[in-house]
Student: 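First, the structure itself, so that you have it in front of you.
To find a chain, count down the sequence lines: A is the first, B the second, and so on, and within it residues start at 1.
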There are 4 protein chains.
Amino acid sequence: MTSKAARGGLGGRPRDTEIDAAVTVSTLELLEEGGYFAISVGEVARRAGTSRPAIYRRWSGRAALVLAAFESRFDTPAPPDTGCTLCDLAEGLTIFLAGYRTIRPEVFGALYSECVTDPELHRWYLRAVVEPARMAVGEALHRAVARGDLRADVDVTRMLDLIASFVHYRTLFGEHPGDEDAEHVIEIVMRGAAADYDALLAHSLSLAGTHVDDAGTHHVHIG
Amino acid sequence: MTSKAARGGLGGRPRDTEIDAAVTVSTLELLEEGGYFAISVGEVARRAGTSRPAIYRRWSGRAALVLAAFESRFDTPAPPDTGCTLCDLAEGLTIFLAGYRTIRPEVFGALYSECVTDPELHRWYLRAVVEPARMAVGEALHRAVARGDLRADVDVTRMLDLIASFVHYRTLFGEHPGDEDAEHVIEIVMRGAAADYDALLAHSLSLAGTHVDDAGTHHVHIG
Amino acid sequence: MTSKAARGGLGGRPRDTEIDAAVTVSTLELLEEGGYFAISVGEVARRAGTSRPAIYRRWSGRAALVLAAFESRFDTPAPPDTGCTLCDLAEGLTIFLAGYRTIRPEVFGALYSECVTDPELHRWYLRAVVEPARMAVGEALHRAVARGDLRADVDVTRMLDLIASFVHYRTLFGEHPGDEDAEHVIEIVMRGAAADYDALLAHSLSLAGTHVDDAGTHHVHIG
Amino acid sequence: MTSKAARGGLGGRPRDTEIDAAVTVSTLELLEEGGYFAISVGEVARRAGTSRPAIYRRWSGRAALVLAAFESRFDTPAPPDTGCTLCDLAEGLTIFLAGYRTIRPEVFGALYSECVTDPELHRWYLRAVVEPARMAVGEALHRAVARGDLRADVDVTRMLDLIASFVHYRTLFGEHPGDEDAEHVIEIVMRGAAADYDALLAHSLSLAGTHVDDAGTHHVHIG
DNA sequence: TGCTAAGCGAGACGGTACGTCCCGTCTTAAT
DNA sequence: ATTAAGACGGGACGTACCGTCTCGCTTAGCA
């Protein structure tokens, strides 16, 4: 979903797609320059070389404008299956973080708070901002379950909540978490959830030894 | 800190203290009724039966207004030392949650995003909203360290980050976490961080048996 | 002239003539209901059950729409030749007034001011609104000249201007003039312009005595 | 009356009088450049270097804006008492015309039609545009009555209507009347209304002969 | 006790951004 | 080929709110 209606009826003048593009670009520019509160429909229109009504015809307001701009930015790649649970988690988390790091941290809170009033925007926010990020880690967790790397009684959803929340917390109220932070979280959580954490760690380290360049060098920090 | 300046100069007409109170009350009312965006300095002034300048003389704007209202609401009681690490953590987390539950979830994001531009507001936000909450859990964690209940290599600050972030995450993007959620988090985190998790759990259960009414009945859910 | 082009090319779909009629009716309805500013091409289209482009295809805009509606309304009957100059003038003026009285007074000013920019509309306005009205009185004046009832040095066009202007003035800035007003104007103007005003008056009165029902009873008010 | 409220209440920040002036100037400029429909509140604000709300705080909209600009332009001087009725009338009419000639003719119709909806604007229009003009001629007529220059049974108000309407008619639907037109009207009307028109004319001509430079040279055209 | 001045309440200000109405035009599908 | 109709891009509208300024009144501390 990029705008209100791509092609609703049959007749009628088709929408100028260059305006959609120019508006999205202008929105992202303004976000980078001045954060969420630098966005105003009028200013975006001015930058995009169009008019306010042209924007309102496509999006319901500022929040929708920003969500659409986000969507055009986020294209979460599927995390690879390395066969190593700790590596997969680290990789998933890195993807997760990479997406957020392109956006000023405070934008998320402001945006969310504007979305929360309108159910449709709320759903869009979850779908566009929250879900893709969770998916990257969730994928890795489900593989871990399939491999039998987790204890039987572990609630995977709650683990995911825990990991995802850490990222959001730091994103919103501190700074964007680095890769080192990500590994610490994995360590803490997996130490309690893994059926045999030491075995996973050993496996991860052995891979790190052989595929330093491919899988990254981050594993050495874990031990 | 409740307002800009308690008493600036020596002479002059003294500030009407009833206005401070009425404004805080009106702010909290509006927050409850319509969330953060229902707050506007003008509307608060109208409700409080005063004028906009009277408010701007005391607070720098909407964000400060809300922060002051928060402060008047939050008075985090020190969590008791029960001698049981799991109980202490659960108690700390409950206090943590109780504070947040009095506020609409989306308010935090909106408020924070307005604070982030102004360094002074930023500090105030951390001091008034974030720190008290972390303290409640941090206290319990530090006691756990002192008792030797945690493994030696555990990074307590990062554990705290993890626990705190979970609360924020749920607060912002889902719903306020319940006590059951809190216990799950404690379980996941402590299972990895405790020197001997099973011993802590046993201790907690034994206390639950003897002090059901005092310490609460929540421990039975943990096992 | 009712619309832009009756039949442009030879081939192609024929124009729906019912739309022309429906649009004219809707225009007059709206004029009556809310005056000139109640007219908007969109609203007329909505009422007429058609679309905006269908109207723009026929008329150049709001002003043309209203002029066309006027034309369909005005069909100034030729004033009768009673043989009595004062009676002829009164009759002509009455016809003049009758046409205007069907339209809200302020419409003329608004319409004219929109026509004045476009030479073609300007001409149309004069032809459709101004000229027919002047003609009714002008006819009577020319007959008076032919009969030798006016002084030799009188400028007939200027007299006509004077009489016509009175009607417009009252129409625009007061209220629609009544028949009594019309007679006063005739009296003032003719008293100065007639070769022998008293003779004309006597003639008029004698006719009034014989043809009370036909020519009306208004002459008795003049003396 | 120049704006909504010069100084309504006691407290409050005083209005910036330079804005009033700049707005009026900009309004008149725009009227000259493009007529009534060139006026838009936004454009006036831009030219005057201010904002739309600042204008709406002072005037209710476009029509009021233009009326206020008119008022600042019109300052009808009292016509002199020359002792000669025909001269007085000509002088009054000239003053009347001079005021209107500063404004594009079509403006009056457009303005009036916007005023007619709102009773307050309607009154203002009459007071600011119509009355001052009538007064100039009315004064001369009342002096003529006092001097006994008019026939006893003449209705002065109706005469005034007739003269005033001629000016409006030509102003709105033709072009601004010249001085020659004015004299013709006076001749037509007075020939019927004067107790002894020839005597008045002789008096006027005698004055023209002696005071050519003072009273103007226009009298020679009358005979 | 009277004077001076700081500080207060309140109202109105100048201005940004909003969301909407309407205009006149363009595009598609149907006739 | 030309229509009918839907949607478009854009100009202007009138309003809500912001943060500030000005006013006249109130009050404390110094004379």
Side-chain angles (χ1 to χ4, degrees), chain A residues 4-5 7-16 18-19 37 39-46 48-58 60-62, chain B residues 5 7-16 19 37 39-43 45-46 49-58 60-62, chain C residues 5 7-16 19 37 39-43 45-46 49-58 60-62, chain D residues 4-5 7-16 18-19 37 39-46 48-58 60-62:
Chain A
K4 255 178 193 168
R7 291 262 54 215
L10 296 89
R13 174 174 171 180
R15 208 158 264 175
D16 185 344
E18 291 190 26
I19 289 185
F37 293 111
I39 302 279
S40 83
V41 177
E43 183 56 27
V44 171
R46 205 167 305 125
T50 183
S51 66
R52 232 154 357 156
I55 292 182
Y56 278 109
R57 218 171 284 119
R58 291 165 164 82
S60 63
R62 176 165 64 169
Chain B
R7 294 265 47 219
L10 294 88
R13 176 174 169 178
R15 204 162 265 176
D16 185 345
I19 288 186
F37 292 110
I39 301 279
S40 81
V41 177
E43 183 56 28
R46 206 168 302 128
T50 182
S51 66
R52 230 125 48 75
I55 292 182
Y56 277 108
R57 244 192 304 281
R58 292 166 164 83
S60 64
R62 175 166 66 170
Chain C
R7 293 264 48 217
L10 295 88
R13 175 173 170 178
R15 203 163 266 177
D16 184 346
I19 289 184
F37 291 110
I39 301 278
S40 82
V41 177
E43 183 56 27
R46 207 168 302 128
T50 183
S51 66
R52 232 124 48 73
I55 293 182
Y56 278 109
R57 222 170 284 120
R58 292 165 165 83
S60 64
R62 176 164 65 171
Chain D
K4 254 176 193 168
R7 289 262 56 214
L10 298 89
R13 173 174 170 178
R15 209 159 260 175
D16 184 345
E18 291 192 24
I19 290 186
F37 293 111
I39 300 279
S40 83
V41 178
E43 183 57 28
V44 170
R46 205 167 304 124
T50 183
S51 65
R52 228 151 4 148
I55 293 183
Y56 278 110
R57 217 170 286 120
R58 292 166 164 81
S60 63
R62 177 166 63 170

Student: Determine whether D:Arg52 and D:Val44 make a side-chain contact, defined as any pair of heavy atoms from C-beta on separated by less than 4.5 Å.
Tutor: no
Student: In terms of the nearest nucleotide of DNA chain F, which residue is placed more toward the 5' end: B:Val41 or C:Gly49?
Tutor: C:Gly49
Student: Starting at CD1 of B:Ile39 and ending at C1' of F:dC17, how long is that distance when rounded to a whole Å?
Tutor: 14 Å
Student: Between atom OH in C:Tyr56 and atom C1' in F:dA4, what is the gap in whole Å?
Tutor: 16 Å
Student: If I take atom CZ in residue C:Phe37 and atom C1' in nucleotide F:dC13, what distance separates them, rounded to the nearest angstrom?
Tutor: 15 Å
Student: Both C:Pro53 and B:Ile19 contact DNA chain E. Which one's nearest nucleotide lies toward the 5' end?
Tutor: B:Ile19
Student: What are the two closest non-hydrogen atoms of D:Ala45 and D:Ser51, and how far apart are they?
Tutor: CB-C, 3.7 Å
Student: To the nearest Å, give me how far apart CZ (C:Arg13) and P (F:dT3) are.
Tutor: 9 Å
Student: How many whole angstroms separate atom CZ of D:Arg62 from atom P of F:dA12?
Tutor: 11 Å
Student: With respect to the side chain of D:Ser40, which nucleotide from F:dC13, F:dT3, F:dA5 is positioned closest?
Tutor: F:dC13
Student: Calculate the interatomic distance between D:Arg57 atom CZ and E:dG11 atom P; express it in whole Å.
Tutor: 16 Å
Student: Which residue lies toward the 5' end of DNA chain E, A:Arg46 or B:Thr50, if each is placed at its nearest nucleotide?
Tutor: B:Thr50
Student: Measure across D:Arg58 and D:Arg15 and return the closest heavy-atom pair with its distance rounded to 0.1 Å.
Tutor: NH2-CG, 2.9 Å
Student: Look up atom CD1 in D:Ile55 and atom CD1 in D:Ile19, then write down how far apart they are to the nearest 0.5 Å.
Tutor: 8.5 Å
Student: How many Å lie between CZ on A:Arg52 and P on E:dA17, as a whole number?
Tutor: 10 Å
Student: In whole angstrom, give the distance that lies between atom CZ of D:Arg15 and atom P of E:dG11.
Tutor: 16 Å
